[in-house]
Number of protein chains: 4
Amino acid sequence: MTRKTKNAPRNPPRQARSQATVSAIFDATTRILDREGAEAATTTRIAAVAGVSIGTLYQYFADRDAILDALQEREFDRALALMSDVLSDRHLARSPRATVTAVVRGLGELYAACPGLQRALAIDALSTTHGGPKPARVEAFDMRIIAIVRHFLGAMHATARRSNVEAAAFVVHHAVRAVMLARLLERPAGLDEKALEAELVDLVLRYLVEEPRAVKRRAR
Amino acid sequence: MTRKTKNAPRNPPRQARSQATVSAIFDATTRILDREGAEAATTTRIAAVAGVSIGTLYQYFADRDAILDALQEREFDRALALMSDVLSDRHLARSPRATVTAVVRGLGELYAACPGLQRALAIDALSTTHGGPKPARVEAFDMRIIAIVRHFLGAMHATARRSNVEAAAFVVHHAVRAVMLARLLERPAGLDEKALEAELVDLVLRYLVEEPRAVKRRAR
Amino acid sequence: MTRKTKNAPRNPPRQARSQATVSAIFDATTRILDREGAEAATTTRIAAVAGVSIGTLYQYFADRDAILDALQEREFDRALALMSDVLSDRHLARSPRATVTAVVRGLGELYAACPGLQRALAIDALSTTHGGPKPARVEAFDMRIIAIVRHFLGAMHATARRSNVEAAAFVVHHAVRAVMLARLLERPAGLDEKALEAELVDLVLRYLVEEPRAVKRRAR
Amino acid sequence: MTRKTKNAPRNPPRQARSQATVSAIFDATTRILDREGAEAATTTRIAAVAGVSIGTLYQYFADRDAILDALQEREFDRALALMSDVLSDRHLARSPRATVTAVVRGLGELYAACPGLQRALAIDALSTTHGGPKPARVEAFDMRIIAIVRHFLGAMHATARRSNVEAAAFVVHHAVRAVMLARLLERPAGLDEKALEAELVDLVLRYLVEEPRAVKRRAR
DNA sequence: GATGAATGAGCGTTCATTCAT
DNA sequence: GATGAATGAACGCTCATTCAT
């Protein structure tokens, strides 16, 4: 994903067989990333684990990076689908806490499902070739996230706290992601999955949404 | 930085000339990371930019990774020094907001000074060899950060909000770091340095410290 | 050949083209060893002389050492085949002298065919990494040689002289090998191929086999 | 010892201090070869173990190879001194068996004193740069050995067996050396030091010297 | 003489990518 | 379309040797 993005992207696969091949490549990459680490994810190994030849792999992906790009797209779509769903109007009756908890939990599950992949994607996002076109996709994703969050905040006008919605969405998005990723690597004492979720929900809620009973809560 | 750190570390440089050489290598690495990206930071290029031969480079560093390790150590020390200073007892008279602002601003300056290096260090921290011993230094850093933050929270007992101090320190540390890093890469609209600082201070303050006037603020 | 033999051995070549490539690598290595000396046998040079790329070389051999290992195996097999044949039961009707002469002559031809390779293999056998597992293959070879020699000695029970058969086989094997090798290097006056053969046959015969008419032979 | 033998040899050291330095370098090299293996014997390590700087080392030896050359010379001298002594006229009254045993035992002790060095010297002797001037010293040594052996054989005219004395000396010399070296590496079962000595004495004696009682011995 | 920081040619090796079959 | 043998630029690293101090 990092290098050059040379030629035009290959034709999107249409046949059933093609779809199966692409799926096999995705699965193989994810599995290798999770079980063998990022260093093992060579094109040769991906092809081997996917059960296709290296030549076939290059028929579907222009580049090694194109595989990671596609996987990133897929994870982005999943995250967006989750958020669209939870923050959609039909759930807005719920309390802000319930909503934020649902988002954090959902994202947590997404991360836990393929930690190696998430780690690789995070690295990749940080590895932009100097001035390259990489962040385009990432920024697009961020914009979509921001749109969703703004919609959410707009819906709870009475209690929403932030004035700079873009900034708030950016901050929340990266903070949550980073903490989840960090726990994947460090597994610090006193921070199991439940505790992490509680802390993140609190972090987000206090930041984004007003908290009228703060005074009473002091006795914690 | 990722692999094994093979043999005993090279003799620590003692002579003046040696110190100059090591400095040149540090500067060259930082400059390459900032200006040419992480991929350009090969041993050959570092030596060339530092104006020394590849052999000299290896007289001071056992490994390519050892260079990054030393740079990481240096940045860690700087961050810790900053926090120790700002959070030390002699500053505790200040308001929590003033204190947190000082920390965020200080860290922001640290990051802005060498964004490429910070990015590389973040990548490196994510790149642990599968199950390897890498996070040792990183975890040690985290522990020290946590100790400092706990000290800070303890000093404002009346208003401190979190019960799980380790978790809170972990969350805050990674959240702040990630947001700063992300801005380095994406430079999103509506999030200049000042705005970023304000958002982060708010994020941290509301999360960590009680906010008695929250009720009155509702009308925002 | 000395170090670790890291990963699983590369897939054994199956296609005709593959076989040709492996042969080219073997031939190139042998030729370089014979004509340019052991120091010239770098992976780069081997690939160049073989007319393949360095990448292709590594598709067939895990290691530089793996090439020498395979060549050693091949030479071992040739020597064992020779001895099995000459010392097999179907030749036992011959006089001991005829048999030993056949062995010495056969080995001499093997050595003369690729003196540089033989020299390199001898060096390699001496180069065991300190306490390493290298001699495994070499010892296995020795054991097979010893087994064959013992069979031979057993067949001429009436005249065999040695009581410690293992020791005798070891001694003969290394003595013959060393003398042949030494002549390859030094080509001393008065020791042409015929003379060398005669001396070695005598050395072995007198050592291994009884010589009843020694008393009569005196007047030489 | 292997490479190029560039310039004229450095002035032979004359001062006491110089002698001490050279000795330290010899001892260091021998010790490293014996305890750490041939791969550890770099110029840097030799200088470190000898307690001198690398610059000083190069003041006494033109080359890395020059160190091994000098060590080879020293071992050659020791072997020759041993043989001159044992085979000298004043010992000729002894039986041939006693004489040969003394030689074999003496050489065995020389080898056992520094096996790593002996191994390195053997490798070195085999590693001649293609067509280089290396064997000159080795051949000179062989000539001296041959002279001594011829003198010995001449003294026992009645019983000496070989007609081609040069060849015989060459054969015996290399055979004995190789077997001793091989045992250093392989330590085969059933071949302890005493057994090895017995076998070698027998090998040499039967080859070189008439054995009138062979017939009677048959019952062995 | 002694020192040791500096040198750099050259090594073994990896892996994304191509293309003849 | 599928295959996988072939490619080769590029990397990290070693170590014998030099030379300014």
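Proteins get letters first, then strands, A, B, ... in listed order; numbering begins at 1 in each.
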Does the side chain of C:Asp63 reach to within under 4.5 Å of the side chain of C:Asp69, using non-hydrogen atoms?
no
Indicate whether any N or O donor in one side chain lies under 3.5 Å from an N or O acceptor in the other, for C:Ser53 and C:Thr56.
yes
Between B:Gln59 (CD) and E:dT3 (P), how many Å, whole number?
16 Å
Nucleotide of F:dA6, F:dT3, E:dA6 approaching B:Thr21 most closely (side-chain heavy atoms)
E:dA6
Using only atom types and a distance under 3.5 Å, with no angle test, would you say the side chain of A:Asp27 pairs donor to acceptor with the backbone of A:Ala50?
no
Closest non-hydrogen atoms of C:Asp34 and C:Leu117, given as atom of the first, atom of the second and distance, are OD1-N, 3.3 Å
Looking only at heavy atoms, the pair that brings C:Val138 and C:Gln72 closest together is CG2-NE2, 3.8 Å
Looking only at heavy atoms, which two atoms of D:Val22 and D:Phe61 are closest? And how far apart?
CG1-CZ, 4.1 Å
Residues 40-48 of chain B, side-chain donor-acceptor partners within the protein, below 3.5 Å, at least two apart:
unit_1, atom_1, unit_2, atom_2, d
B:Thr42, OG1, B:Arg45, N, 3.0
B:Arg45, NE, B:Glu36, OE1, 2.7
B:Arg45, NE, B:Glu36, OE2, 3.4
B:Arg45, NH2, B:Glu36, OE2, 3.0

Looking at every heavy atom in both D:Phe26 and D:Ile67, which two are closest together, and how far apart are they?
CE2-O, 4.2 Å
Rounded interatomic separation in angstrom, taking OH from D:Tyr60 and C1' from E:dT3
13 Å
Can you measure A:Ile25 atom CD1 to F:dT3 atom P for me and round it to whole angstrom units?
11 Å
Find the distance B:Gln19:CD to E:dA5:C1' and express it as a whole number of Å.
14 Å
Which nucleotide, in any strand shown, forms a Watson-Crick or G-U wobble pair with F:dA20, with both distances under 3.5 Å?
E:dT3
Considering only side-chain heavy atoms of B:Asp63, which listed nucleotide, E:dT7, F:dC13, E:dT3, is closest?
F:dC13
Rounded interatomic separation in angstrom, taking CZ from A:Phe61 and C1' from E:dT18
18 Å
Dump the pairs, protein N or O against N or O of nucleotides 8-11 of chain F, anything under 3.5 Å, distances to one decimal.
unit_1, atom_1, unit_2, atom_2, d
F:dG8, N7, C:Gly55, N, 3.3

Using whole Å, what does the distance between atom P of nucleotide F:dG1 and atom OH of A:Tyr58 come to?
18 Å
Just so I know, are the side chains of A:Arg74 and A:Thr30 near enough to count as touching, which here means a heavy-atom distance under 4.5 Å?
yes
What is the distance, to the nearest angstrom, from the CG atom on B:Leu57 to the C1' atom on F:dT14?
13 Å
Close residues, residues 45-52 of chain D, relative to DNA chain E [heavy-atom separation under 4.0 Å]
none
